[in-house]
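Scroll down for the structure; my scribbles are underneath it.
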Amino acid sequence: PGHAVAALAAYPSLSCTGGPFQVRSEWGVADDIFCAGNDSVFTFVEDVLKEVMALFPSTYIHIGGDEAPKVRWKACQKCQARIRAEGLKDEMELQSYFVKRVERFLKANGRRLIGWDEILEGGLAPEATVMSWRGVQGGIDAAKENHDVIMTPTDFCYFDYYQADPATEPETIGGMVTLKTVYGFEPTPPVLSPAQARHILGAQGNLWTEYIDSPSKAEYMAYPRAIALAEVNWSPKETRNWEDFLDRLDSQYKRLEYMGVNFSKGSLQVDITTMRDSANHRNLVVISSETKGHDIFYTLDGSEPGPGSTKYTEPFEVKSTSTVRACLVKDNEVKGQVN
Ligand code: ACM
Ligand code: ZN
């Protein structure tokens, strides 16, 4: 029922208040959502889904279901009348009523419903598949109820988040999901029994485009993280090995270059920070990288570092004003970005 303002701008009578509404020009969550007490809403939604089904032959249809604030429903006579007529407890159960009704329609047309984990609120539709985005708990809860699940938690799977230091990356919506973070994701939570675990179908990367204005930037955000997620999905847990993956990634980078795919080298950069050595009353420069199997070389005079510069072995003290620059080196070649 949420994320519907564009539809409400065209059909304000499908809202709780009657509008009027402007199509949003900014992203975000809106209080105005479809009125769940108005049968014309379901006629409209079914008409839209008929067109969607005519276009897409897929078994699964994703109906959203996320980010639907309940303020309008709480204040709406029609919504409150629906709650009473259907014997529902509250607005959460009204959302569940909404999604179940849409599921019945999809099912009658031979399709299956997927929705974001908010569709758990107020009770899951009988055969719904859940996409768990606000963490993995929604997915765990759904799997325990024997529902299929696709894991796509923000902390591991949001490819619209930064993948390296924001100071060196194009602007994004925020957050931080590095390549290593993605690679370390385990879609099947250990709390599930083997039977429940079979309901975890896999993981999906989400690439929302609020801050993505070109195909080239979309590629940049998706790669190489999509490669890491593919390996997470397609290989057994026991065979996954970050350092081995990084070795193999070198040839993937060449392949992406050959194919003209724009991609981030954010994983191939160093992080330069300082650390207080209290015991010895010193400030130390610490250079690190999430990438293993590379050496770090640095300069202190602002010049471009490379294989001929000083090799970093441990945190070091800088006694006078310096400009620390560093990079990763492998096989005598600079890899990734110089910081
Ligand atoms: C979501 O990111 N709102 C599913
Ligand atoms: Zn209403």
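Numbers for residues simply follow the sequence, beginning at 1. Remember, it's 1-based here, ligands and their atoms both numbered in the order they're listed.
- The distance from ligand 1 to the heavy atoms of Trp208 drops below 4.0 Å at these ligand atoms: 1 (C), 2 (O), 4 (C).
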>> Apply side chain to side chain contact (heavy atoms under 4.5 Å, CB included) to residues Leu207 and Arg225 and explain how you reach the verdict.
In response: CA-CA 11 Å; Leu207 185 50; Arg225 289 183 288 192; 5.8 Å; no
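- For Tyr11, the OH atom is loosely surrounded, since the number of other residues' heavy atoms within 6.0 Å does not exceed 12.
- The Zn ion (ligand 2) lies at the vertex of an angle of 110° between the SG atom of Cys16 and the SG atom of Cys35 (rounded to 10°).
- Every atom of ligand 1 is numbered from 1 in the order shown, and the set under 4.0 Å from a heavy atom of Asp66 is 1 (C), 3 (N), 4 (C).
- The distance from ligand 1 to the heavy atoms of Glu67 drops below 4.0 Å at these ligand atoms: 3 (N).
- Between Tyr158 and ligand 1, at least one N/O pair is under 3.5 Å apart.
- Between Val270 and the options Asp165, Ile287, Val324, a side-chain contact (heavy atoms from CB on, under 4.5 Å) holds for only Ile287.
- More than 12 heavy atoms of other shown residues, nucleotides or ligands fall within 6.0 angstrom of atom OH in Tyr162.
- Taking the six-membered ring for Trp, Phe42 and Phe105 have ring centres at least 6.0 Å apart.
- The SG atom of Cys76, the Zn ion (ligand 2) and the SG atom of Cys79 define an angle of 110° (nearest 10 degrees).
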